[in-house]
Number of protein chains: 2
Amino acid sequence: MNKINLTTQRKAILDIIQQSHDHPTAAEVIERLREQGRQFAYGTVYNSLRYLTDMGLIRELKLGEAASRYDARTDEHQHIVCRRCGRVDEVLTDIPAAWLEAVARETGYAIDRAQAVVEGVCAECRNSGK
Amino acid sequence: MNKINLTTQRKAILDIIQQSHDHPTAAEVIERLREQGRQFAYGTVYNSLRYLTDMGLIRELKLGEAASRYDARTDEHQHIVCRRCGRVDEVLTDIPAAWLEAVARETGYAIDRAQAVVEGVCAECRNSGK
DNA sequence: GCAATATTTATACTAAATCTAAATATAAAC
DNA sequence: GTTTATATTTAGATTTAGTATAAATATTGC
């Protein structure tokens with residue numbers, strides 16, 4: 001059951017996200033589709049992004065910007081955003097379990113997961129702009 | 001220099017946020033002002049929230065919901081959101097510095113700060129709904 | 001009090017995303 | 001292999017959160 005139904009549109013959108021390494025927004029997905037000569041209805045892109053997210057094929061990132069970004073990496077990991085150029089990179093070092101346990105003790109919550117957005121300046125920006 | 005100019009409107013909005021312990025959104029601030037019999041222009045509330053944030057009197061929280069929330073606690077701390085009822089609580093246990101150092105090594109970024117949103121189920125929801 | 005500056009107000013506008021209903025496409029039943 | 005049922009796509013309207021603009025009002029410095 002729960003078979004994944006990858007229509008032409010959904011497959012094209014999934015491909016874009018899997019081939020991009022900069023966590024594109026919905027608007028950027030539409031732009032890249034157009035570069036490939038494809039064009040789907042606005043709503044179809046949003047529907048597909050939600051479908052792919054629900055099916056666990058991609059992840060929706062809410063990093064505090066106006067628009068959500070999408071990531072082909074679906075394993076638990078965090079993100080770091082450059083304050084200067086806005087680029088978003090993966091953070092694969094896990095948040096310490098001991099911290100989550102301390103938070104559970106402090107708050108009385110049963111914790112499912114933690115989403116961290118680290119802010120800083122990327123190596124490239126530091127070298128160029130000073 | 002940089003004197004803080006607290007107009008009637010800004011003071012009223014600051015008071016609301018300082019008296020609320022549930023991190024209200026702009027819409028909720030407007031609602032609570034109306035309950036007090038006050039009503040400011042829509043844009044004034046947004047301008048004031050930005051002014052108060054810029055002045056460091058409140059903090060803007062972007063927790064992945066559509067709307068920003070505002071917090072009278074301006075010291076560095078994190079937040080935890082209940083998946084069931086949506087309440088937002090403070091997390092005062094600091095993110096381990098060692099993790100941030102590991103992230104800096106991994107990514108090559110100079111890190112300014114980290115914002116974490118922990119998700120779980122609050123004690124109240126666990127006891128009631130099961 | 002009067003000019004200069006800052007703030008508020010009402011309104012228009014923008015961006016991101018969702019909703020709706022009709023049109024298509026796909027799958028299931030016979 | 002049509003017919004029926006279900007799922008998906010489409011175009012366009014709608015919603016939500018927030019910003020921009022320009023006139024009106026308030027505040028400050030002389």
Side-chain angles (χ1 to χ4, degrees), chain A residues 1-17 20 22-34 36-55 57-71 81 86 88 117, chain B residues 1-17 20 22-34 36-55 57-71 81 86 88 117:
Chain A
M1 59 182 185
N2 261 359
K3 204 186 156 299
I4 289 172
N5 180 6
L6 273 192
T7 61
T8 314
Q9 289 83 345
R10 289 171 183 168
K11 182 65 170 59
I13 289 165
L14 177 59
D15 284 347
I16 297 261
I17 291 165
S20 302
D22 60 346
H23 313 85
T25 62
E28 284 163 350
V29 169
I30 290 169
E31 192 184 315
R32 287 170 205 188
L33 284 168
R34 192 166 306 137
Q36 296 182 355
R38 295 162 176 273
Q39 186 158 337
F40 308 138
Y42 199 68
T44 299
V45 176
Y46 280 99
N47 282 343
S48 299
L49 289 169
R50 187 154 32 151
Y51 179 86
L52 295 169
T53 302
D54 288 347
M55 291 300 138
L57 297 177
I58 61 176
R59 263 182 65 180
E60 180 181 12
L61 308 180
K62 296 182 171 182
L63 304 178
E65 302 161 296
S68 286
R69 294 179 170 276
Y70 295 88
D71 190 346
V81 182
V88 176
V117 181
Chain B
M1 61 188 181
N2 261 2
K3 204 186 155 299
I4 289 171
N5 179 7
L6 273 194
T7 62
T8 313
Q9 290 83 344
R10 288 171 183 168
K11 181 68 168 59
I13 289 164
L14 178 59
D15 284 347
I16 296 263
I17 292 166
S20 302
D22 59 347
H23 314 85
T25 61
E28 285 164 350
V29 169
I30 290 169
E31 191 185 317
R32 286 169 206 191
L33 284 168
R34 192 165 306 137
Q36 295 182 356
R38 295 161 176 273
Q39 185 159 337
F40 308 139
Y42 198 68
T44 299
V45 176
Y46 279 100
N47 282 342
S48 299
L49 288 169
R50 185 152 36 154
Y51 179 88
L52 295 169
T53 302
D54 289 347
M55 291 300 141
L57 298 177
I58 61 175
R59 264 182 65 180
E60 181 181 11
L61 309 180
K62 297 181 172 183
L63 304 180
E65 301 161 297
S68 287
R69 293 179 170 276
Y70 295 89
D71 191 345
V81 182
V88 176
V117 181

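Note that the structure is a prediction, hence the values are computed from the model and not measured.
- Atom-to-atom, CZ of Arg38(B) to P of dT9(C) comes out at 11 Å; the value is rounded to the nearest Å.
- Contact annotation: Asn5(A) side-chain N/O to dA7(D) OP1/OP2 distance is not under 4.0 Å.
- Per the geometry, CD belonging to Glu65(A) stands 16 Å off C1' belonging to dA17(C), to the nearest Å.
- The side chain to side chain contact (heavy atoms under 4.5 Å, CB included) check on Arg34(A) picks up Ile30(A), Gln39(A), with sequence neighbours excluded.
- Under the rule for a side chain to side chain contact (heavy atoms under 4.5 Å, CB included), the partners of Asp22(A) that lie at least two apart in sequence or sit in another chain are Ser20(A), Pro24(A), Arg32(A).
- Listed by chain and residue number, Tyr42(A) satisfy the ring-ring contact (aromatic ring centres under 6.0 Å, His included) test with Tyr46(A) (two or more places apart in sequence, or in another chain).
- Going from atom CD1 of Ile30(B) over to atom C1' of dA10(C) covers 14 Å, rounded to whole Å.
- A search for side chain to side chain contact (heavy atoms under 4.5 Å, CB included) contacts involving Thr25(A) returns Ala27(A), Glu28(A), Ala67(A), Arg69(A), not counting sequence neighbours.
- Every residue meeting the side chain to side chain contact (heavy atoms under 4.5 Å, CB included) condition with Thr53(A), not counting sequence neighbours, appears here in chain and number order: Ile58(A), Glu60(A), Tyr70(A).
- Atom NZ in Lys3(A) sits roughly 12 Å away from atom C1' in dA27(C) (whole-Å rounding).
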> Which letter, B, S or -, goes with each nucleotide of nucleotides 9-25 of chain D from 5' to 3', with contact meaning a protein heavy atom under 4.0 Å?
Replying inline: SBS-----SBB------
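- The CG-P distance, from Leu6(A) to dA25(C), rounds to 19 Å in whole Å.
- The distance between atom CD1 of Ile13(B) and atom C1' of dT9(C), rounded to the nearest whole Å, is 13 Å.
- When the options Leu52(B), Asp54(B), Leu57(B) are evaluated for a side chain to side chain contact (heavy atoms under 4.5 Å, CB included) with Ile4(B), the one that passes is Leu57(B).
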